[in-house]
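As the structure is a computational prediction, the values presented were derived from the model and not from experiment.
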Amino acid sequence: MSDNILIAVAWPYANGDLHLGHIAGAYLPADIFARFHRMRGNNVLMVSGSDAHGTPITLRAEAEGVSPREIHDRFHKGFLESWEGLGISWDLFTTTETENHYRISQDFFTRFYEKGLLYETASEVPYSPTGKRYLPDRYINGTCPHCGFDGARGDQCDGCGRTLDPRELINPRSTLDGGTPEFRTRSHFMMKFSEYGDSLLEWLKDKNHWRPQVLNFTTGFLEQGLKDRAYTRDLDWGIPVPLDGWEDRRIYVWFEAVIGYLSASVEWASDIKGDPEAWRAWWGADAKPYYFIGKDNITFHTIIWPAMLMAYGDDLALPEDVPANEFLNLEGYQLSTSRNWAVWVPEYLANYDPDALRFVLSANMPETSDSEFTWPDYIRRVNNELVGTYGNLVHRTLTFIQRFFDGTVPDAKPDEAGTRLLAKGDAALEEAAAEIAACRFRAGLGVAMSLAQEGNRYLDEHAPWRAIREDREDAARTLVTILGIISGLKTLLAPYLPFSSQRLHEMLGLEGGIQDAGWTATGPEAGARLPQPQALFAKLDEEQVLAREMANLGAGDESETTA
RNA sequence: GGCAACGUAGCUCAGCGGCAGAGCGGGCGCUUCAUAAGCGCUAGGUCACAGGUUCGAAUCCUGUCGUUGCCA
């Protein structure tokens, strides 16, 4: 009996390239999970898309003097290239700028409105008389009433870190033209989230498999009492409120972005699957939706979106798990786009192997706490663990068969010790499966690396390079055993290292795609001809990599740094 | 300011009531099939700090300091 597993992944703002933080935080764990479940024979639907409507996009558009849509189109295209290069295996990566997404987001609004869950309220909104437009909080600068810092923004003061209301600012001015904003009273819709606090707490009761930090945070948040929130904003970029006389208001970007998980599923069903109803299998009572996000997004995925699903009705499936990751730091500091303190995916892919990055980020994934990426560590892990332990086990075995057995899989049966090792290999497959299914990706990779080490140890103990001289049969038994271990490793590592696992699949003389080969350690048959082996991974030149990357880091930074 | 999490070996991280662990790096040795790769042995720690609970605390509780996220 196979499960229907929806893999819903955070929607990146289309206002800049992807960096390592995005990958380690959400996209890599989601992809490992998706590939694993496909190999196990489950029905996977993995979706996400570009968030087109966030403030960061309009900010960048105004800075460059182009339209928000142009910014969105440029970076959405870049995302697609990054996914391709990194092997992130979407069923659909769409965008919030589709007609389909507008329709479904407006349908949610209409449903909520008709159910009486949206009510009007008046609030004071900053308005620029010179620009003849309403201003988001971030578009207002002024003096902080708490610390006197002059560059405080309408939402937060960078001087003292306090969050602000734009009306508190002393001497407020628009960042667009420096003009003084006035505050106008505007009607907006509030969503009755407060009605769902108890139901959410009830729903959380059997979520003991969630990560403690996610569950504790969510429970604590709800126990303080869930408040109603403004559902609409005064913007001209975004999805219009579908009510007569309200067309100049937009649905708040966060509330339509989470609807994207559903609208992307619907789009996949009609446009890719060719069966408009096919999405229901992943949203019905027995579906298991997993949401892969970073820790800054927990509230929206464990509270707001489940509340919206409850409010919508139709028994749409609530999250099975929200394995939010913590953050990845870089060389001791937080990632920062403005200071160019980041490793950008397109630049990485221009110089290095995608599997090497997937390996290093998986080995050090921020599952339980913030973790650290450094280039020296990247080089060490690639050269010593990926190349030295795993790649070399494969290479020494395959070149040995090529050299001493004419590239033909020997016809021999493992002896007692070999049979024991192969049993360990089978056990490792199940052990890793349990770890991955529970979203413990670091641990799953650890199982694979331990098995590779066992393989190396076995080779050293049985020394086929000595046996080949006096007892060819013994050497053959050893090699067949290790071939079985390598076959298991190729499967075990396929979710983590899809490109090299496919190459290894072919080097073992096996046909087709590894993703269709199942979760088994089945290797080549006796007598099978193996192609000339190639190294799975290249060693890195430490000096060269460090020279290039350390020079890149922070380059182009025009602000003062204290580091 | 409130809530939540984190602080463990030189580095990156596990462990989360019962003799302080792994990988990498360091030291010593073995091996030569292999991308100078592999294997074994070894050194190293007041488990942030101060109290408390317990026969027993890195682990549970309280407080302090530091880091992070969310909220005000």
Side-chain angles (χ1 to χ4, degrees), chain A residues 25 146 155-156 160-165 168 211-227 229 293-304 324-329 331-335 359-405 435 440 442-443 445-447 449-450 452-469 475 478-479 482 533-542:
Chain A
H146 302 287
D155 56 344
Q156 188 176 26
C160 63
R162 266 175 272 233
T163 49
L164 301 171
D165 187 294
E168 295 178 279
R211 292 181 178 172
Q213 67 268 37
V214 177
L215 188 59
N216 288 347
F217 178 78
T218 304
T219 309
F221 197 98
L222 288 169
E223 281 170 352
Q224 287 175 45
L226 195 51
K227 294 189 183 67
R229 294 204 186 194
I293 59 164
K295 66 174 167 182
D296 53 335
N297 285 174
I298 291 174
T299 318
F300 275 95
H301 293 83
T302 62
I303 294 174
I304 299 296
N325 269 356
E326 307 290 299
F327 284 172
L328 184 78
N329 292 326
E331 304 283 353
Y333 297 92
Q334 287 187 55
L335 294 180
F359 177 80
V360 172
L361 293 182
S362 297
N364 201 16
M365 195 171 272
E367 287 173 3
T368 51
S369 59
D370 291 354
S371 72
E372 186 83 28
F373 180 94
T374 71
W375 283 105
D377 183 62
Y378 167 84
I379 295 164
R380 274 198 299 274
R381 282 202 189 268
V382 171
N383 286 351
N384 298 326
E385 297 180 32
L386 192 57
V387 175
T389 303
Y390 170 53
N392 193 240
L393 172 67
V394 171
H395 199 241
R396 66 198 296 210
T397 304
L398 295 184
T399 50
F400 196 94
I401 291 173
Q402 203 63 222
R403 185 164 146 197
F404 294 102
F405 290 93
E435 299 288 10
R440 291 189 294 260
R442 241 182 357 207
L445 185 62
V447 171
M449 294 312 286
S450 297
Q453 223 162 24
E454 289 261 16
N456 277 318
R457 194 173 302 135
Y458 190 87
L459 265 185
D460 273 34
E461 281 166 8
H462 291 77
W465 47 90
R466 272 202 300 271
I468 193 75
R469 290 188 224 123
T478 303
L479 267 300
I482 299 299
Q534 306 289 322
L536 277 183
F537 311 101
K539 280 200 87 164
L540 296 166
D541 182 324
E542 179 166 7

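Residue-to-nucleotide proximity on RNA chain B shows that, of A:Phe217 and A:Pro212, the 5′-proximal contact is made by A:Pro212.
Here the separation of B:G7 from B:C28, taken at their P atoms, is 34 Å to the nearest Å. Between B:A43 and B:C6, the two C1' atoms lie 29 Å apart (nearest whole Å).
Pairing each heavy atom of A:Arg440 with each of A:Glu367, the nearest pair is C-OE2, 3.7 Å. Taking all atoms of both residues into account, the shortest heavy-atom contact from A:Leu328 to A:Leu335 is O-CG, 3.6 Å.
Rounded to a whole Å, the CG atom of A:Leu445 is 14 Å from the C1' atom of B:U12. The distance between atom CD of A:Gln213 and atom P of B:U67, rounded to the nearest whole Å, is 20 Å.
Contacts of A:Gln334 with the nucleic acid, taken as non-hydrogen atoms under 4.0 Å apart, involve only primed sugar atoms and P, OP1 or OP2. Here A:Gln224 lies in heavy-atom contact (under 4.0 Å) with sugar-phosphate atoms only. A:Glu223 comes within contact range of no nucleotide atom at all, as no heavy-atom separation falls under 4.0 Å. Note on A:Ile468: nothing from the nucleic acid sits closer than 4.0 angstrom, heavy atoms only. Contact annotation for A:Ser371: backbone-only contact, meaning every heavy-atom pair under 4.0 Å involves sugar-phosphate atoms and none involves a base.
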Taking N or O atoms only and anything under 3.5 Å, show me the protein contacts with nucleotides 29-34 of chain B, one pair per line.
from	atom 1	to	atom 2	distance (Å)
B:C33	O3'	A:Arg403	NH1	3.0
B:C33	O2	A:Arg396	NE	3.2
B:C33	N3	A:Arg396	NE	3.3
B:C33	N3	A:Arg396	NH2	2.6
B:C33	N4	A:Arg396	NH2	2.9
B:A34	OP1	A:Arg403	NH1	2.9
B:A34	O3'	A:His395	ND1	3.4
B:A34	O2'	A:Asn392	ND2	2.7
B:A34	O2'	A:His395	ND1	3.4
B:A34	N3	A:Asn392	OD1	2.9
B:A34	N3	A:Arg396	NE	3.3

Which atom pairs link the protein and nucleotides 25-27 of chain B when you take only N or O atoms and keep those under 3.5 Å?
from	atom 1	to	atom 2	distance (Å)
B:G25	OP1	A:Asn384	ND2	3.1

Report each atom pair, protein N/O against N/O of nucleotides 57-62 of chain B, whose distance is under 3.5 angstrom.
none

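Judged purely by atom type and a 3.5 angstrom limit, A:Asn383 uses its side chain to pair as donor or acceptor with the backbone of A:Leu540. Within the 3.5 Å criterion, the main-chain N or O of A:Ala324 finds a donor-acceptor partner in the side chain of A:Arg211. For A:Glu435 (side chain) and A:Arg442 (main-chain N/O), no donor-acceptor pair under 3.5 Å exists by modelled atom type. No donor-acceptor distance shorter than 3.5 angstrom exists from the side chain of A:His395 to the backbone of A:Gly391, with no hydrogens or angles considered. In this structure, the side chain of A:Asp370 engages the main chain of A:Phe327 through a donor-acceptor pair within 3.5 Å.
Consecutive pairing runs in RNA chain B reach the stem threshold at B:1-7 with B:65-71, B:10-13 with B:21-24, B:26-30 with B:38-42, B:48-52 with B:60-64, where a stem means at least three Watson-Crick or G-U wobble pairs with distances under 3.5 Å.
Its glycosidic angle being within 90° of 0, B:G44 falls on the syn side.
Remark: A:Arg381 is not positioned above the aromatic ring of A:Phe537, lacking an NZ or CZ atom under 6.0 angstrom from the ring centre and at most 45 degrees off the axis.
The side-chain hydrogen bond (donor to acceptor under 3.5 Å, both in side chains) pairs that include a residue from residues 216-225 of chain A are A:Thr218-A:Thr302, where partners are two or more places apart or lie in different chains.
Taking CG from A:Leu222 and OG1 from A:Thr299, the interatomic distance works out to 9.5 Å, rounded to the nearest 0.5 Å. In this structure, CG on A:Leu361 lies 6.5 Å from CZ on A:Phe373, to the nearest 0.5 angstrom. Note: A:Phe217 CZ to A:Lys295 NZ = 11.0 Å, rounded to the nearest 0.5 Å.
Across B:C70, B:C24, B:A5, the shortest atom-to-atom separation from the side chain of A:Phe221 is found for B:C70.
Judged as a ring-ring contact (aromatic ring centres under 6.0 Å, His included), and not counting sequence neighbours, A:Phe405 has no contacts.
Taking side-chain N and O atoms only, A:Lys539 has a distance below 4.0 Å to OP1 or OP2 of B:A37.
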